[in-house]
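All heavy atoms count here, side chains included; hydrogens, waters and symmetry mates do not.
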Amino acid sequence: MAAPSPLLLTALLWVPAGALSCYGDSGQPVDWFVVYKLPAHSGSGDEARSGLRYKYLDPRSGGWRDGAGSINSSAGAVGRSLLPLYRSNASQLAFLLYNDQPPKASRAQDSSSHGHTKGVLLLDQGGGLWLVHSVPRFPPPPSASTYSWPHNAETYGQMLLCVSFPLGQFQSIGRQLAYTYPLVYDHQLNGVFAQKFPDLEEVIQGHHVSHEPWNSSVTLTSQEGATFQSFAKAGRFGDDLYSGWLAAALRSNLQVQFWQNSPGVLPSNCSGTQQVLDVTQTAFPGPAGPTFSATEDHSKWCVAPEGPWACMGDMNRNRGEEHRGGGTLCSRLPVLWKAFQPLVKAWQPCRQEEEEAGPGGPS
């Protein structure tokens, strides 16, 4: 099959002016951004002590920058991107808010049977955004009438990846969510949106994949043409996302940052062709760069140490999550890999390496 012409590709990816998108710390639309909410006590100043400070990255930021103010401010990238949820014209939008730890869990909700997955879909007739994150009880539903950051998410590190997508890409995103089985705690999918995205309607109704294969990978293209690879697994996949699939799929060794205060944490795994190593310490470059332990960090990301992949998602490496849905969003964008690769300060060696190198691991 012949490749699509540049003219056809442009038509397929064309986004109307004013399409809903992620907003950066500058207050302007951006194709994507990453916010790394730092752990409390990871630096100096009141914002650091209270756990409201963050690092910010987008295609034009030139690497990590200090966030614009506090993570709980609606003037920053996260708050500004989610503002349409809390405006009076929100009835013209479609949205899905999902979180295995929703802001207000009802007794009827059994989150353990759903995927270990957190995120926001927000779209209008022109396009939208997918916010993949690690933050429990976030974001507040539209009924809250205002953006806010949950107090319970201030102590530990958290990560949020926002990508702006053309409207058509949400069909593929809906199919990916059918694998991860998210707990949808608020939604709006009316009229033309319900007709256009039947897979999202199925997700809202609580339907999920019921037959093999139990995992799915799709290529997604952002509003400005950046390529992301979405990896999604169902609970019946029955294996670790990283050592059971992702490392082989990317053909890369992986260093994985995840929440290591949960039971059944999986050790670093070097049994396959690729090594999957648990990050134990993260450090931002520079003399004043924050440094913190994995036990202070609730974010979930991984990087290929030799390049070119960096991934952000919502899954940990533990035995329980081998049997829950979830996923990650990966990219070969050089700006992402160059930002994440230097963050890894130390990791847990595999057992054979421990015997040779001794405790502590490389730094």
Is the Phe170 ring parallel, tilted or perpendicular to the Phe197 ring (thresholds 30°, 60°)?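 Taking Phe197 first and then Phe170, their aromatic rings stand perpendicular (interplane angle over 60°).
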Parallel, tilted or perpendicular: which describes the rings of Phe165 and Trp130, with under 30° parallel and over 60° perpendicular?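 Ring orientation, 0 to 90° scale: tilted.
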Polar side chain donor-acceptor pair, [X] to [Y], under 3.5 angstrom:
X: Thr219; Y: Gln229; answer: yes
X: Tyr36; Y: Trp301; answer: yes
X: Asn316; Y: Glu321; answer: yes
X: Asp58; Y: Tyr23; answer: no
X: Asn318; Y: Ser262; answer: yes
X: Asn261; Y: Thr295; answer: no
X: Asn89; Y: Gln92; answer: no

Where the side chain of [X] meets the backbone of [Y], is there a donor-acceptor pair that is under 3.5 Å apart?
X: Asn253; Y: Gln275; answer: yes
X: Arg65; Y: Ser61; answer: yes
X: Gln169; Y: Thr221; answer: yes
X: Asp25; Y: Ala68; answer: yes
X: Gln255; Y: Trp347; answer: no
X: Lys300; Y: Val256; answer: no
X: Arg324; Y: His114; answer: yes
X: His298; Y: Ser134; answer: yes

Validation row, ring centre Tyr156 to ring centre Trp259 under 6.0 Å: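 Ring centres of Trp259 and Tyr156 closer than 6.0 Å.
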Are the aromatic ring centres of Phe138 and Trp149 under 6.0 angstrom apart?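 Between Phe138 and Trp149, the centre distance is under 6.0 Å.
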Between Asn215 and Trp245, does a side-chain contact (heavy atoms from CB on, under 4.5 Å) hold up when you go through it step by step? CA-CA 9 Å; Asn215 58 331; Trp245 179 25; 3.2 Å; yes
Side chains of residues 207-214: which donor-acceptor pairs under 3.5 Å do they make with residues two or more places apart or in other chains?
residue	atom	partner	partner atom	Å
His207	ND1	Glu202	OE1	2.7

Quick one, Cys162 and Phe33 - any side-chain contact, counting heavy atoms below 4.5 Å?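 A side-chain contact under 4.5 Å exists here.
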Got Leu122 and Leu93 here, is their nearest side-chain heavy-atom distance under 4.5 Å?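 Yes, at least one pair of side-chain atoms sits under 4.5 Å.
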For a side chain to side chain donor-acceptor pair (under 3.5 Å) check, start with the C-alpha distance between Gln158 and Ser299, then their side-chain angles and the critical distance, and finish with the verdict. CA-CA 4 Å; Gln158 308 287 350; Ser299 64; over 6 Å; no
Find out if a path of hydrophobic residues (ILVMFWY) with successive side-chain heavy-atom gaps under 4.5 Å connects Met159 to Trp32.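 Met159 clusters together with Trp32.
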Is there a continuous path of hydrophobic side-chain contacts, each under 4.5 Å between heavy atoms, that joins Val279 to Leu336?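 Shared cluster, yes.
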Given side chain to side chain donor-acceptor pair (under 3.5 Å), test Asp31 with Ser222 step by step and report yes or no. CA-CA 7 Å; Asp31 196 43; Ser222 72; 2.5 Å; yes
Only pairs at least two apart or in different chains count here, so list each disulfide bond (SG atoms under 2.5 Å apart) that has a residue in residues 164-221.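 Not a single pair qualifies under disulfide bond (SG atoms under 2.5 Å apart).
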Is [X] salt-bridged to [Y], going by a charged N under 4.0 Å from an acidic O?
X: Asp314; Y: Lys118; result: no
X: Arg137; Y: Glu154; result: no
X: Arg317; Y: Asp240; result: yes

Spacing of Ser81 atom OG and Leu20 atom CG [to the nearest 0.5 Å]: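 Between atom OG of Ser81 and atom CG of Leu20 there are 8.5 Å.
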Checking side chain to side chain donor-acceptor pair (under 3.5 Å) for the pair Ser230/Gln176: CA distance, chi angles, key distance, verdict? CA-CA 8 Å; Ser230 168; Gln176 291 298 86; 3.0 Å; yes
Heavy atoms only: give me the nearest Pro142-Phe95 pair and the separation to one decimal.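 Residues Pro142 and Phe95, closest heavy atoms: CG-CZ, 3.5 Å.
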Could you check whether the SG atoms of Cys311 and Cys302 sit less than 2.5 Å apart, since that is the cutoff I want to apply?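 No, no disulfide: SG-SG not under 2.5 Å.
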Please test Trp64 against Phe284 for ring pair (Phe, Tyr, Trp, His ring centres under 6.0 Å), starting from the C-alpha separation and ending with a verdict. CA-CA 9 Å; Trp64 294 108; Phe284 280 83; 5.4 Å; yes
